[in-house]
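Heads up, the thing below is written out as structure tokens.
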Amino acid sequence: SVSGTADAGASTTATLTPAAPLAHATVYAARLTTALTDLTGHHLEAEYVWTFTTAPLADVVPPTVVTVLPEALAVEVPVEATITAVFSEPIAAATIVETSFTLAPQGDSPGPATVYLDNPTTAVLDPASELAHSTVYEARLSTAIADTAGNTLAVEYAWTFTTPAA
């Protein structure tokens, strides 16, 4: 039972204001009894009952990077490699774009790539061409990447790897 104050005033809408916040993700039953009267004193003809469920607790936890491939500091990474990042929770697909997931030779500008969400927790960067041999690359995930609740990465995530000699 939820205690609170009820008010209908002079309107056709009755409002119950709970004395304390309702619990998250909980089913409640609301009941209007025949003791309810209109402004002329007529009672409700029959009891009316309905149920509703409160919203789940809001997700305020930012996603984190669980693993990346190639691994940080990996060497001899094939020049035809795709780059993968796995996150701790589902990511909003619209936030995985060429500016939020980048790959560049270390100290240089990012090159063209196709970036997409392969499944709800895995982002893929597919370079437009083979990587250069004997090169240190830096992959970067920006704080523009967000989970499906809108929480963004708390910090930018970057790692490097090296391709083999020709």
Side-chain angles (χ1 to χ4, degrees), residues 1-72 74 81-104 110-128 138-161:
S1 174
V2 174
S3 63
T5 57
D7 181 39
S11 82
T12 57
T13 302
T15 303
L16 173 69
T17 303
L22 300 178
H24 291 281
T26 302
V27 177
Y28 287 93
R31 173 173 294 147
L32 299 176
T33 69
T34 57
L36 186 66
T37 61
D38 64 18
L39 294 176
T40 61
H42 295 98
H43 287 272
L44 190 62
E45 289 183 8
E47 182 175 271
Y48 185 77
V49 178
W50 73 98
T51 61
F52 63 93
T53 304
T54 53
L57 187 61
D59 175 2
V60 296
V61 177
T64 58
V65 177
V66 175
T67 188
V68 292
L69 289 174
E71 294 177 347
T82 57
I83 316 308
T84 304
V86 177
F87 298 93
S88 58
E89 58 184 303
I91 297 298
T95 67
I96 300 296
V97 295
E98 283 188 31
T99 55
S100 66
F101 189 1
T102 60
L103 179 67
T114 302
V115 178
Y116 59 94
L117 204 56
D118 188 46
N119 67 53
T121 59
T122 305
V124 175
L125 181 146
D126 188 6
E138 181 177 74
R140 187 173 296 275
L141 301 165
S142 82
T143 57
I145 295 173
D147 65 18
T148 55
N151 303 304
T152 60
L153 284 177
V155 294
E156 188 172 81
Y157 188 95
W159 74 101
T160 61
F161 60 87

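Just so you know, these numbers use all the heavy atoms, side chains as well, and skip hydrogens, waters and symmetry mates.
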Checklist line | salt bridge (charged side-chain N to carboxylate O under 4.0 Å, His left out) contacts in which one or both residues fall within residues 141-150, not counting sequence neighbours | finding: none

Item checked: Counterpart residues, side-chain hydrogen bond (donor to acceptor under 3.5 Å, both in side chains), relative to D38 (two or more places apart) -> T40

Check: Residues in side-chain contact (heavy atoms from CB on, under 4.5 Å) with T13, at least two apart?
Finding: S11, T15

Checklist line | Contacts of type side-chain contact (heavy atoms from CB on, under 4.5 Å), residue T51, not counting sequence neighbours | finding: V27, A29

Notebook entry, point to check: Looking only at heavy atoms, what is the nearest atom pair of A113 and P127, with distance?
Noted result: CB-CA, 3.9 Å

Item checked: With E89 via side-chain hydrogen bond (donor to acceptor under 3.5 Å, both in side chains) - residues at least two apart -> none

Item checked: Minimum-distance pair of heavy atoms, taken over all atoms of L141 and A85 -> CD1-CB, 3.7 Å

Check: Out of curiosity, L16 CG to T5 OG1, how far, rounded to the nearest 0.5 Å?
Finding: 7.0 Å

Check: Under the ring pair (Phe, Tyr, Trp, His ring centres under 6.0 Å) rule, what pairs show up with a residue in residues 21-40, not counting sequence neighbours?
Finding: Y28-F52

Notebook entry, point to check: So do the side chains of F87 and I145 get within less than 4.5 Å of each other, counting heavy atoms only?
Noted result: yes

Checklist line | Partner residues of A139 under the side-chain contact (heavy atoms from CB on, under 4.5 Å) criterion, sequence neighbours left out | finding: I83, L103, W159

Sequence neighbours left out, cut at 3.5 Å: what donor-acceptor pairs do the side chains of residues 53-64 make with other protein atoms?
residue: T54; atom: OG1; partner: A23; partner atom: O; Å: 2.5
residue: T54; atom: OG1; partner: A25; partner atom: N; Å: 3.1
residue: T54; atom: OG1; partner: T26; partner atom: N; Å: 3.0
residue: T54; atom: OG1; partner: T26; partner atom: O; Å: 3.4
residue: D59; atom: OD1; partner: V61; partner atom: N; Å: 2.9
residue: D59; atom: OD1; partner: N151; partner atom: ND2; Å: 3.2
residue: T64; atom: OG1; partner: S88; partner atom: OG; Å: 3.2

Check: Sequence neighbours excluded, which residues qualify as side-chain hydrogen bond (donor to acceptor under 3.5 Å, both in side chains) partners of S100?
Finding: none

Next item on the list: Would you name the heavy atoms of A144 and T95 that are closest together and state the gap between them?
Entry: O-CB, 3.5 Å

Next item on the list: Apply the test side chain to side chain contact (heavy atoms under 4.5 Å, CB included) to residues L125 and V115: give CA-CA distance (whole Å), side-chain angles for both, the deciding distance (0.1 Å), then the verdict.
Entry: CA-CA 4 Å; L125 181 146; V115 178; 4.0 Å; yes

Next item on the list: Sorted by first residue and then second, give each salt bridge (charged side-chain N to carboxylate O under 4.0 Å, His left out) pair with at least one member in residues 25-35; sequence neighbours left out.
Entry: R31-E47

Check: Of all residues at least two apart in sequence or in a different chain, which pass the side-chain hydrogen bond (donor to acceptor under 3.5 Å, both in side chains) check with E98?
Finding: none

Next item on the list: Give, for atom CD1 of I91 and atom OG1 of T148, the distance between the pair rounded to the nearest 0.5 Å.
Entry: 8.0 Å

Next item on the list: Taking the side chain as every heavy atom from C-beta outward, state whether V124 and F101 have any atom pair closer than 4.5 Å.
Entry: no

Notebook entry, point to check: For T102, which residues count as a side-chain contact (heavy atoms from CB on, under 4.5 Å) partner, sequence neighbours excluded?
Noted result: P110, R140

Note to self: Any heavy-atom pair between the side chains of V68 and F161 that's under 4.5 Å?
What the structure shows: no

Margin query: Going by side chain to side chain contact (heavy atoms under 4.5 Å, CB included), T122 matches just one of L117, V86, I96. Which one?
Written below: V86

